[in-house]
Amino acid sequence: MGVQVIMFGSRRRHIDEVIVANLDGLTRFAYLRIGDRTEAEDIVYEAVLRLLENSDNVRNAKCYLFRIVYNLCQDEFRRKRLPIIPLDNIELPDKSDEQLDQKEIDRINRLLDGLPPNEAEIVRMNVVDDLSFVEISHILNLPQSTAKSRFYSGMKKLRDKYFTNNH
């Protein structure tokens with residue numbers, strides 16, 4: 001049974017543009033959560049198919065894609081009982097010329113891993129995945145105010161721990 005999606009015009013162009021613009025970010029998003037590049041790509045492919053199948057009912061394609069990827073990653077955790085991958089075990093491409101030294105990166109990752117999971121996830125989504133609070137609230141199905149308060153709470157804890165342990 002194949003998927004048959006027929007869309008024309010500006011709506012289809014918009015969906016295509018959203019997919020192309022977010023493909024790398026979605027793959028990185030999935031990879032950071034499950035730690036396997038091939039499975040991350042499969043999850044993103046599944047999310048794109050779901051978007052195309054349901055595009056008539058989707059108002060925000062980017063948020064929809066991230067939410068589906070997030071949910072599929074959660075399903076993968078439940079199905080396989082995957083261990084949480086520490087950020088220091090994941091190799092990300094360099095995005096800037098100014099890189100923190102490895103010792104400092106390891107320290108920040110340990111601090112992030114010490115946050116409550118619901119705060120750490122939102123900090124990662126905002127800082128690492130560069131998602132807005134509106135997008136995060138749609139993806140996690142939370143009020144925007146809750147996403148913001150968890151982010152600020154997590155960031156305060158990170159700052160407190162960082163500066164307390166830095167001396």
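We use all heavy atoms of the structure for the numbers below, so side chains are in, but hydrogens, waters and symmetry mates are not. As the structure is a computational prediction, the values presented were derived from the model and not from experiment.
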Quick check: does any side chain N or O of Asn54 sit under 3.5 Å from a backbone N or O of Asn57, one acting as donor and the other as acceptor?
-> no
Solution key, residues 137-146 side-chain donor-acceptor pairs under 3.5 Å, sequence neighbours excluded:
residue : atom : partner : partner atom : Å
Ser137  : OG   : Phe133  : O            : 3.2
Ser137  : OG   : Val134  : O            : 2.8

Ala147 to Ile136 - nearest heavy-atom pair and separation | CB-CG2, 4.1 Å
Got a second to check how far Glu121's CD is from Leu115's CG, nearest 0.5 Å?
-> 11.5 Å
Starting from the C-alpha separation in whole Å, work towards a yes-or-no answer on side chain to side chain contact (heavy atoms under 4.5 Å, CB included) for Leu72 and Val44.
-> CA-CA 9 Å; Leu72 290 170; Val44 170; over 6 Å; no
Donor + acceptor pair across side chains of Glu119, Ser153 (<3.5 Å) | yes
Short side-chain to backbone donor-acceptor contact, Asn22 and Gly25, under 3.5 Å = no
Can you measure from OH (Tyr31) to SG (Cys73) and round to the nearest 0.5 angstrom?
-> 12.5 Å
Start with the C-alpha distance between Met125 and Phe29, add both sets of side-chain angles, then the distance that settles side chain to side chain contact (heavy atoms under 4.5 Å, CB included), and finish with yes or no.
-> CA-CA 8 Å; Met125 289 174 117; Phe29 183 81; 3.5 Å; yes
Please name all residues satisfying side-chain hydrogen bond (donor to acceptor under 3.5 Å, both in side chains) with Ser149, sequence neighbours left out, ordered by chain then number.
-> none
Kindly indicate whether the side chain of Arg124, heavy atoms from C-beta on, has any atom under 4.5 Å from the side chain of Leu32.
-> no
Do Asn60 and Val18 come close enough that some side-chain heavy atom pair is under 4.5 Å?
-> no
Atom pair NZ/CG of Lys62 and Leu51 - distance to nearest 0.5 Å = 13.5 Å
Are the charged groups of Asp42 and Arg37 less than 4.0 angstrom apart, N to O?
-> no
Compare every heavy atom of Ala40 with every heavy atom of Ile34, then report the nearest pair and how far apart it is.
-> CD1-N, 3.6 Å
Presence of salt bridge, Arg28 and Asp130, under 4.0 angstrom = no
Heavy atoms from other residues, nucleotides or ligands near CG of Asp24 exceed 12 (cutoff 6.0 Å) = no
From Ile68 atom CD1 to Leu65 atom CG, the distance as rounded to the nearest 0.5 Å | 8.0 Å
Distance from Glu46 atom CD to Asp75 atom CG, nearest 0.5 Å?
-> 10.0 Å
Output the distance between atom CZ (Arg50) and atom OH (Tyr64), rounded to the nearest 0.5 Å.
-> 7.0 Å
Taking Asn126 for its side chain and Leu131 for its backbone only, find out whether a donor-acceptor pair lies under 3.5 Å.
-> yes
Any donor and acceptor pair, going by atom type alone, linking the side chain of Glu41 with main-chain N or O of Thr38 inside 3.5 Å?
-> no
Think Arg150 forms a cation-pi with Tyr152, using NZ or CZ under 6.0 Å from the six-ring centre and within 45 degrees of its axis?
-> no
